[in-house]
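Here's the structure we're looking at; comments come further down.
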Amino acid sequence: MSQHQKNNNEEIDLGDLFRLLKKGVQYILNLFLRFVAFILKHAIVLAALIIIGAVAGYFLQNKSVKRVKTEMIIASNFESAEYVFNAVNQLSYQIKTKDTVTLKKLGIPLDQGSLNLEVKPIVNISKFSREEEVFLELVSESNFIDEEEKAKMFARYFRYYKVILSHPRKINSAKVLTNILQQLRDNPYYQEYNSVNLSFLNNQIKANERLILEIDSLVGNYSKAVSQQQQQASSTIYNSANNLDLGVVIENRNQVQNQLQYLYREKVANAEFLRLVDLGTPSEIKEKGITYYKIILIPLLLVLGYFGLIIFVKVVQKARKLD
């Protein structure tokens with residue numbers, strides 16, 4: 001008897017479930033039909049709004065200023081990465097607020113549309129040691145350091161940076177970026193640092209070049225002495241040149257030569273503060289914001305506004321009935 005009641009209860013539960021599902025499907029279907037009926041009722045107005053919005057969006061999109069971007073690559077030196085970030089952010093703020101003094105220095109017309117300036121490091125993971133990778137992972141996952149401070153900490157580990165200028169197509173970006181670079185270089189501390197560093201490199205290069213000449217001269221004299229001794233085989237005169245270890249001398253010369261090559265590279269890399277790698281040319285901005293697609297955005301806003309107006313009217317009518 002109890003098993004029979006259990007089966008009946010299960011059948012009742014399944015029946016209730018199917019009835020609820022049926023009501024749910026009917027409710028959704030009714031909503032869909034009511035929505036279709038609403039669209040059909042207002043089809044003429046909606047179609048007119050979409051056509052008007054598309055036409056207006058088309059003309060606005062075509063008449064809007066065509067924007068492109070130019071990327072300048074620079075190499076930071078003398079641990080100036082944080083300075084570069086701060087200086088570029090300051091210039092970006094002055095450009096956005098249309099600071100007349102800054103715009104004049106950078107060669108940007110005062111009546112020009114908005115420009116955007118930003119700086120990004122060029123990431124080269126292969127240059128990191130394992131300890132540096134672990135440290136950067138910990139910094140990235142930390143909740144105690146804000147995003148701006150994280151960006152500054154990451155910046156110290158990179159040497160090459162992109163200074164990105166987003167601008168109208170008719171702007172002379174090469175001139176503006178050159179002026180921006182000149183503004184970044186206009187720092188007395190780093191200019192003096194650069195001057196002292198170049199003087200040191202030049203002295204080291206001259207010293208190494210003289211040392212290589214002296215080693216070459218020593219090896220040349222040694223070769224002559226050995227040759228003379230071989231010609232005078234019967235001679236028993238002791239010559240201190242016989243004690244010269246050519247292998248050690250050549251190894252030392254190679255070390256000096258390698259150091260000299262390193263110094264040459266350093267001189268090229270640090271010939272000036274913030275070495276220019278590539279000035280860049282204007283290119284298309286691939287990532288566009290939603291406001292760029294006015295031909296879609298304006299019709300959508302008109303339709304949503306119409307729906308909002310209908311809802312507002314309905315609410316007002318309900319409120320009057322309650323009064």
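Distance CG/Leu117 to CG/Leu91: 6.5 Å, rounded to 0.5 Å. The CD1 atom of Ile122 sits 11.5 Å away from the NZ atom of Lys120 when rounded to the nearest 0.5 Å. The distance from the CD1 atom of Ile215 to the CG atom of Leu218 is 8.0 Å, given to the nearest 0.5 Å. Rounding to the nearest 0.5 Å places CZ of Phe85 at 15.5 Å from CD of Gln90. Atom CE of Met72 sits about 10.5 Å away from atom OG of Ser173, to the nearest 0.5 Å. For the atom pair OH (Tyr264) and CG (Asn208), the distance works out to 8.5 Å, reported to the nearest 0.5 Å.
Checked options Tyr190, Phe78, Tyr161; the residue passing with Tyr83 is Tyr190 (criterion: ring pair (Phe, Tyr, Trp, His ring centres under 6.0 Å)). When each of Gln259, Glu251, Gln257, Arg253 is paired with Gln255, the side chain to side chain contact (heavy atoms under 4.5 Å, CB included) condition holds for Glu251 and for no other.
Remark: Leu31 CG is packed, more than 12 non-hydrogen atoms of other residues, nucleotides or ligands lying under 6.0 Å away. For Phe307, the CZ atom sits in a packed shell: over 12 heavy atoms of surrounding residues, nucleotides or ligands are nearer than 6.0 Å.
Residues Leu274 and Ser76 form a side-chain contact, since some pair of their non-hydrogen atoms from C-beta on lies under 4.5 Å apart. The side-chain heavy atoms of Val101 and Lys104, taken from C-beta on, include no pair separated by under 4.5 Å. Contact annotation: the side chain of Ile51 never approaches that of Pro299 to less than 4.5 Å [non-hydrogen atoms, C-beta and beyond].
The heavy-atom pair separating Ile73 from Lys162 by the smallest distance is CG1-CG, 4.2 Å. Nearest heavy atom pair, residue His167 against residue Lys69, reads NE2-C, 4.1 Å. Residues Leu165 and Leu177 approach most closely at CB-CD2, 4.0 Å, considering heavy atoms. The minimum heavy-atom distance between Gly107 and Asn179, with the atom names listed, is N-ND2, 3.9 Å. Taking each heavy atom of Pro282 and Thr70 in turn, the nearest pair found is CA-OG1, 3.4 Å. Shortest non-hydrogen contact noted between Ala174 and Leu279 is CB-CD2, 3.8 Å.
The side-chain contact (heavy atoms from CB on, under 4.5 Å) search around Ala269 returns Arg159, not counting sequence neighbours.
Between the side chain of Arg275 and the main chain of Val268, a donor-acceptor pair closer than 3.5 Å is present. Using modelled atom types, one side-chain atom of Asn258 and one backbone atom of Asn254 make a donor-acceptor pair closer than 3.5 Å. Judged purely by atom type and a 3.5 angstrom limit, Gln191 has no side-chain atom pairing as donor or acceptor with the backbone of Phe273. The backbone N or O of Glu272 sits less than 3.5 Å from a side-chain atom of Asn77, completing a donor-acceptor pair. Between the side chain of Asn270 and the main chain of Glu266, a donor-acceptor pair closer than 3.5 Å is present.
When hydrophobic clusters are built by joining Ile, Leu, Val, Met, Phe, Trp and Tyr residues whose side-chain heavy atoms come closer than 4.5 Å, directly or via intermediates, Val55 is not grouped with Ile52. Two different hydrophobic clusters hold Val176 and Tyr93 under the rule that ILVMFWY side chains link at heavy-atom gaps under 4.5 Å. Under the 4.5 Å side-chain contact rule for hydrophobic residues, Ile28 and Val36 do not share a cluster. One hydrophobic cluster, built from ILVMFWY side chains closer than 4.5 Å, cannot hold both Ile108 and Ile164; they sit in different ones.
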Derivation of the side chain to side chain contact (heavy atoms under 4.5 Å, CB included) call for Lys105 and Thr102: CA-CA 5 Å; Lys105 285 182 179 179; Thr102 301; 5.7 Å; no
Verify side chain to side chain contact (heavy atoms under 4.5 Å, CB included) between Asn116 and Lys96, making sure each step is shown before the conclusion. CA-CA 7 Å; Asn116 185 52; Lys96 287 180 180 178; 3.4 Å; yes
One pair to check against side chain to side chain contact (heavy atoms under 4.5 Å, CB included): Lys175 and Thr178. What are the steps and the verdict? CA-CA 5 Å; Lys175 178 182 177 182; Thr178 300; 5.8 Å; no
Quiz: residues 198-205 side-chain donor-acceptor pairs under 3.5 angstrom, not counting sequence neighbours:
unit_1 : atom_1 : unit_2 : atom_2 : d
Asn202 : OD1    : Lys267 : NZ     : 3.0
Asn202 : ND2    : Leu198 : O      : 3.1
Asn203 : ND2    : Ser199 : O      : 3.2

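In the hydrophobic clustering, where aliphatic and aromatic side chains (Ile, Leu, Val, Met, Phe, Trp, Tyr) are joined below 4.5 Å either directly or transitively, Leu304 groups with Leu300.
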